Amino acid sequence: MNILSLTCKDLAAELDRLHGKGHYHARALYRDVFKLGRRTCAESPEFADAPTLAAQLAADLRFPDCRISAQHDDGSVLKFITTLADGETIESVLIPDKGRTTLCVSSQVGCRMGCKFCVTGQMGLRRHLQVEEIVWQLYAARFVLKRPVNNIVFMGMGEPLDNVEPVIQAVRVMADQRGLNLACSHMTVSTAGHVDGLRRLAAERLPNLRLAVSIHAANDALRNQLVPLNVRYPLARLKDALLAFPLPRRGVFFIEYVQLAGVNDSPEHAEALARYLAGLPVRVNVIPYNGGSSRLFVTPDRARVDQFCDALVAQGLFVRRRHPRGRNVMAACGQLGGVIA
Ligand code: SAH
Ligand code: SF4
């Protein structure tokens, strides 16, 4: 049993199938693993009368063969690297802010979307992550690094909706109130605009899950260059998928816009973005470009970011600028998979 890939309900079904036992023991085992960080249930009172079952379960339980192989702390964020069973590595970032801690998780090793400004994109896709490898990142943050985590963003390596079934199951496991108990309203899936993945996610109706959409350009010619996925799913199709997405009441889409100086940040670009977003409830996050190892673009200076944000506000958009954190340890947006200088 790959315990990190199961909800408590899934575990109960497994216990029933394997041992003819039901919810009572499943809940106890689930609590021990996901709330207490134990790898056995031998010590729990629920198993005091069932030592044989406890021993069988200990033999059945499988944890992913993952280990934290490096950590980089720059005082503002902690990036940790996990080596997976096959030797591949993924990166996760812990971002404390005003008493809350956000964990940025990876959904793939690398990414095949090839966005021009993104270090992960330059790696290509090495493989998808399995459910337990996604959930492991939260489990490790809580029980290995002993950090509280109240928010999850799927903004690490990979395009979550290119690996949509494992991502959906990972969300279910992380949200399970009997275990990790991280409400869907505190989880954000970020996509470069994978329309089929969006439809699949919409059908799942995970209540209150937050969605971020990385737009970066509101005309197809420029977006085709920056985000090659746009060739497959052009802006008009993406907008249709967003209009059909079941947002909760008063819910919004978070629009991510990496500002590349001189490329996508003119007043005309601001106007085009506002026109494109008309009719969608949105909050726009402007992210000044973080240079990776290859610095293909120019990072806008403060004044230029202010100028672009003001232009968006003048168009009636609600805008926040994202302050870069973690650049020193290649842990900022778009830098995962890059080498630390
Ligand atoms: N694949 C998903 C999620 C991972 S990327 C997506 O693209 O949305 C997380 C965020 O980092 C995205 O909004 C992405 O556009 C942004 N990003 C990528 N490269 C960046 C860079 N060099 N500088 C700043 N942000 C970047
Ligand atoms: Fe993949 Fe997102 Fe990077 Fe694009 S920005 S290459 S979708 S991780």
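All heavy atoms count here, side chains included; hydrogens, waters and symmetry mates do not. Atoms within a ligand are numbered from 1 in the order they appear, just like the ligands themselves. Position 1 is the first residue of the sequence, and the numbers go up from there. Model, not experiment: these values are computed from the prediction.
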Atoms in ligand 1 with a heavy atom of Phe154 nearer than 4.0 Å: 3 (C)
Cys111 N/O/S atom closer than 2.8 Å to atom 1 (Fe) of ligand 2: yes
Check each atom of ligand 2 against the heavy atoms of Met113 and keep those under 4.0 Å away; list them by number with element. 1 (Fe), 7 (S)
SB check Arg127 Asp86 (cutoff 4.0 Å): yes
Atom 4 (Fe) of ligand 2 contact by Cys115, N, O or S atom under 2.8 Å: yes
Residue Ala192 vicinity, atoms of ligand 2 by number, heavy atom under 4.0 Å: 7 (S)
Would you give me the side-chain donor-acceptor pairs under 3.5 Å for residues 18-30, sequence neighbours excluded?
| from | atom 1 | to | atom 2 | distance (Å) |
| --- | --- | --- | --- | --- |
| His19 | ND1 | Gln56 | OE1 | 3.3 |
| His19 | NE2 | Asp60 | OD2 | 2.9 |
| Tyr30 | OH | Leu6 | O | 2.8 |

Just distances here: any N/O of Asn290 and N/O of ligand 1 closer than 3.5 Å? yes
For atom 26 (C) of ligand 1, which of Val105, Leu296, Val258 has the closest heavy atom? Val258
Region of Val119 engaging ligand 1 - heavy atom pairs below 4.0 Å: neither
Check if Phe297 has a non-hydrogen atom at a distance under 4.0 Å from any atom of ligand 1. no
Quick check: does Ile287 get an N/O under 3.5 Å from an N/O on ligand 1? no
Between Ala212, Gly158, Gly121, Gly193, flag the one that comes closest to atom 1 (N) of ligand 1 by a heavy atom. Gly158
Exercise: identify the closest heavy-atom pair between Arg223 and Ile215: NE-O, 2.8 Å
Could you tell me which atoms of ligand 2, counted from 1 in the order shown, lie closer than 4.0 angstrom to a heavy atom of Gly121? 6 (S)
Does ligand 2 have any atom that is closer than 4.0 Å to a heavy atom of Gly158? yes
